[in-house]
> 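The following block contains the structure, expressed as structure tokens.
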2 protein chains.
Amino acid sequence: MASTLHDVAQLAGVSIKTVSNVINDYPHIRAETRAKVEAAIAELSYQPNPSARSLRSGRTGLIGLAVPELSLSSYFAELADRMIAAAEQRGLTVLIEQTGGDRQRELDVLSGARRKMTDGLLFSALGLQQEDAELLRRPYPLVLLGERIFGGPTDHVTMHNVEAARAGTEFLLGLGRRRIAVVGAHEGEVIGSAGLRLRGYREALDAAGEPFREELVGYALPWHRRDGAEVTRRLIASGARFDALFAFNDNLAFGAMRALQEAHIVIPDDVAVLGFDNLDDAAYSIPSLSTIDPGLPEIVETSIELLVDRIAGRLDQERREIMAAFRIVHRESTPAI
Amino acid sequence: MASTLHDVAQLAGVSIKTVSNVINDYPHIRAETRAKVEAAIAELSYQPNPSARSLRSGRTGLIGLAVPELSLSSYFAELADRMIAAAEQRGLTVLIEQTGGDRQRELDVLSGARRKMTDGLLFSALGLQQEDAELLRRPYPLVLLGERIFGGPTDHVTMHNVEAARAGTEFLLGLGRRRIAVVGAHEGEVIGSAGLRLRGYREALDAAGEPFREELVGYALPWHRRDGAEVTRRLIASGARFDALFAFNDNLAFGAMRALQEAHIVIPDDVAVLGFDNLDDAAYSIPSLSTIDPGLPEIVETSIELLVDRIAGRLDQERREIMAAFRIVHRESTPAI
DNA sequence: ATGAAAGCGCTAACAA
DNA sequence: TTGTTAGCGCTTTCAT
């Protein structure tokens with residue numbers, strides 16, 4: 001059997017309270033006492049029982065991270081990877097939950113059994129909509145990620161989607177490209193990554209006096225490589241002419257580049273391609289992908305900080321909405337200036 | 001405050017034992033009693049306290065999954081994605097731990113604090129070596145994944161690395177390719193994915209009467225895209241001629257294809273490329289990647305089954321070693337037959 | 001600076 | 001079929 005506080009106390013010749021104090025770095029302990037206790041802990045290879053600890057303290061040291069999926073969307077794998085590391089630095093453990101981007105499964109995550117074993121939740125929603133905002137009002141610390149819901153009842157970490165998409169489009173216009181196709185729009189969406197990025201795209205066109213051409217808008221859901229390839233094949237087949245392509249995420253862009261190359265369209269000479277996410281892979285595609293970097297490290301650090309802050313008890317203070325800074329990364333899929 | 005068994009029992013007018021019985025699907029309960037209890041549970045939105053449950057039962061319902069990383073190696077993201085889903089079906093929750101493939105961090109995972117909050121561990125090692133086998137003897141259920149250690153004290157799920165690499169090489173030979181470069185070898189490694197796959201490669205060459213050419217062996221560690229590209233650039237720069245390239249995983253292959261295309265080498269006409277893993281992305285690269293499918297679904301199902309079996313108490317029965325079946329997936333990076 | 005004791009919410013052994 | 005009770009290992013409150 002594993003040893004307990006009692007065993008350690010007995011061996012060290014102190015009470016269990018003292019052992020507990022040592023473990024929890026309680027400051028007022030005689031150096032001699034501490035040494036005795038630490039020796040006993042080492043001798044017994046004592047490790048605290050987390051269930052007992054949680055039962056008593058009400059804290060588990062676990063935080064949930066709800067994402068649509070880990071594979072296929074490398075973005076979420078990178079997010080999870082960094083989040084696990086950032087949580088670890090703060091003594092927390094991340095528990096990943098996959099929703100498939102499905103609204104019902106996202107709701108299940110919000111009220112499921114796992115909420116009783118985590119101290120808080122980082123929630124990257126894809127299926128919920130603006131109308132669902134009030135469903136985010138929960139009795140536990142919750143930080144919303146992404147751009148499905150704005151102005152909801154929780155802390156929220158997101159990015160400047162409209163501005164970034166606008167800047168990306170202006171970047172392509174600045175290269176002299178006038179007919180910019182879009183891959184990844186969502187029919188009728190206003191809020192959400194697709195809706196906001198399309199808005200930024202339109203704003204840039206308007207500002208440049210370029211017409212918005214419906215025939216250059218490719219609708220895609222979900223945003224996997226496959227979808228980027230399919231949509232782009234359809235755009236090509238439609239006969240619509242375009243000299244640039246703005247994909248609303250890098251996966252779509254990778255798929256789009258495949259479709260372009262199948263059609264013997266040369267990147268970036270015939271069509272310049274711009275993605276969104278700056279995945280690790282973007283530097284290693286062929287050609288390497290110019291893309292918008294949404295500042296993932298900042299998003300990760302900020303959202304963990306907000307959550308930790310709420311867990312520490314500041315549950316009642318005003319909600320915060322943080323927008324990470326973006327930048328455009330210039331690689332081979334767009335021509336050198 | 002959240003409600004407890006007591007609250008439910010009081011509201012339903014029964015003892016807490018009866019409520020506990022209902023929750024745990026104990027069969028001998030009068031339908032009427034059960035209905036009363038369920039009504040009370042619903043009214044109070046009662047959810048059991050997992051810490052209390054774990055403290056008492058000694059089970060947490062959590063299992064650890066140790067992998068090197070979630071991003072950069074899509075293989076592990078796919079593994080984790082599937083593992084989470086497979087665990088969920090069995091009422092288990094996966095807790096992902098990243099080791100960076102570092103030996104010390106892998107050892108930390110084996111004895112760290114999280115082992116007290118999981119019922120078992122799925123352990124995908126990369127830094128440990130055959131000599132470390134005995135370190136896997138642990139007082140908790142442990143299933144080893146991968147090919148760093150064989151014949152150790154635990155259950156083990158792996159694949160036919162030598163046979164698969166041999167079959168892959170024979171496949172390339174069968175296409176008439178004679179000078180097959182390798183990307184991803186590890187200097188001096190015998191056991192481990194790199195060592196075993198190189199062995200399979202050599203066996204195929206030997207059987208075909210082809211010489212093993214040291215100058216066609218590209219060493220790469222780790223196995224990311226970047227490394228595949230760098231190694232392949234070096235191979236090209238060395239002046240060594242080759243008409244096929246066998247990358248020891250798909251990421252390396254993606255990087256290698258980039259380097260080949262940079263050098264205006266046409267795939268598959270000039271050089272046929274074969275990968276290993278059959279990542280989702282392999283179907284969407286340009287060109288799409290022929291690769292060896294290691295049977296991930298089988299690996300996932302098998303390893304969870306073994307672990308669940310051990311958790312269920314069969315800790316003493318003989319250790320098992322399972323090898324998943326592989327198959328070669330033929331795509332555009334190798335010429336049609 | 002350290003100890004004694006209560007009790008977190010649940011399951012399991014036993015009783016009825 | 002249901003109730004009673006002990007106790008899992010820890011933190012916390014209150015004493016000293």
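Letters A, B, ... are given to chains in the order of the sequence lines, protein chains preceding strands, and every chain is numbered from 1.
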> So for the helix from C/dA1-D/dT16 to C/dA16-D/dT1, with five pairs setting each end axis, what is the inter-axis angle to 10°?
30°
> Whole angstrom is fine here: how far is it from OH in B/Tyr26 over to P in D/dG3?
13 Å
> Pull out every residue in residues 28-40 of chain A that has a heavy atom closer than 4.0 Å to any atom of DNA chain C, ordered by number, or say none.
A/His28, A/Ile29, A/Arg30, A/Thr33
> Identify all side-chain donor-acceptor contacts of residues 37-48 of chain B below 3.5 Å with residues at least two apart in sequence or on another chain.
residue	atom	partner	partner atom	Å
B/Gln47	NE2	A/Ser111	O	2.9

> Evaluate the salt bridge (Lys or Arg N to Asp or Glu O under 4.0 Å) criterion for residues A/Glu301 and A/Arg90: first the C-alpha distance (whole Å), next the side-chain angles of each, then the deciding distance (0.1 Å), finally the verdict.
CA-CA 11 Å; A/Glu301 286 296 317; A/Arg90 293 162 174 85; 2.8 Å; yes
> Answer yes if the side chains of A/Glu298 and A/Thr302 hold a donor-acceptor pair under 3.5 Å, and no otherwise.
no
> Just wondering, do A/Val14 and A/Val19 contact through their side chains at under 4.5 Å, heavy atoms?
yes
> Does any pair with a residue in residues 7-33 of chain B pass ring pair (Phe, Tyr, Trp, His ring centres under 6.0 Å), and if so which ones, sequence neighbours excluded?
B/Tyr26-B/His28
> Which whole-number value in Å describes the distance from B/Arg59 CZ to C/dG9 P?
24 Å
> State, yes or no, whether a side-chain contact exists between A/Ile191 and A/Ile149 at a heavy-atom distance under 4.5 Å.
no
> Under 4.0 Å: is that the gap between some side-chain N or O of A/Thr18 and OP1 or OP2 of C/dG3?
yes
> Would you indicate whether the side-chain heavy atoms of B/Trp223 and B/Ser73 approach each other to under 4.5 Å?
no
> What does nucleotides 10-16 of chain D look like as a protein-contact string, B for base, S for sugar-phosphate only, - for none, at under 4.0 angstrom between heavy atoms?
BBBB---
> Among all residues two or more places apart in sequence or in another chain, which pass the side-chain contact (heavy atoms from CB on, under 4.5 Å) test with B/Ala52?
A/Leu55, B/Asn49
> Report yes if the side chains of A/Leu5 and A/Ile23 come closer than 4.5 Å at any heavy-atom pair, otherwise no.
yes
> When you check the side-chain N and O atoms of B/His156 and B/Glu147, is any donor under 3.5 Å from an acceptor?
no
> Please determine if a side-chain N or O atom of B/Ser51 lies less than 4.0 Å away from the OP1 or OP2 oxygen of C/dG9.
no
> Taking C-beta and beyond as the side chain, do A/Glu106 and A/Phe123 meet within less than 4.5 Å on heavy atoms?
yes
> Measure CG/B/Asp7 against C1'/C/dC8 and give the value in whole Å, please.
13 Å
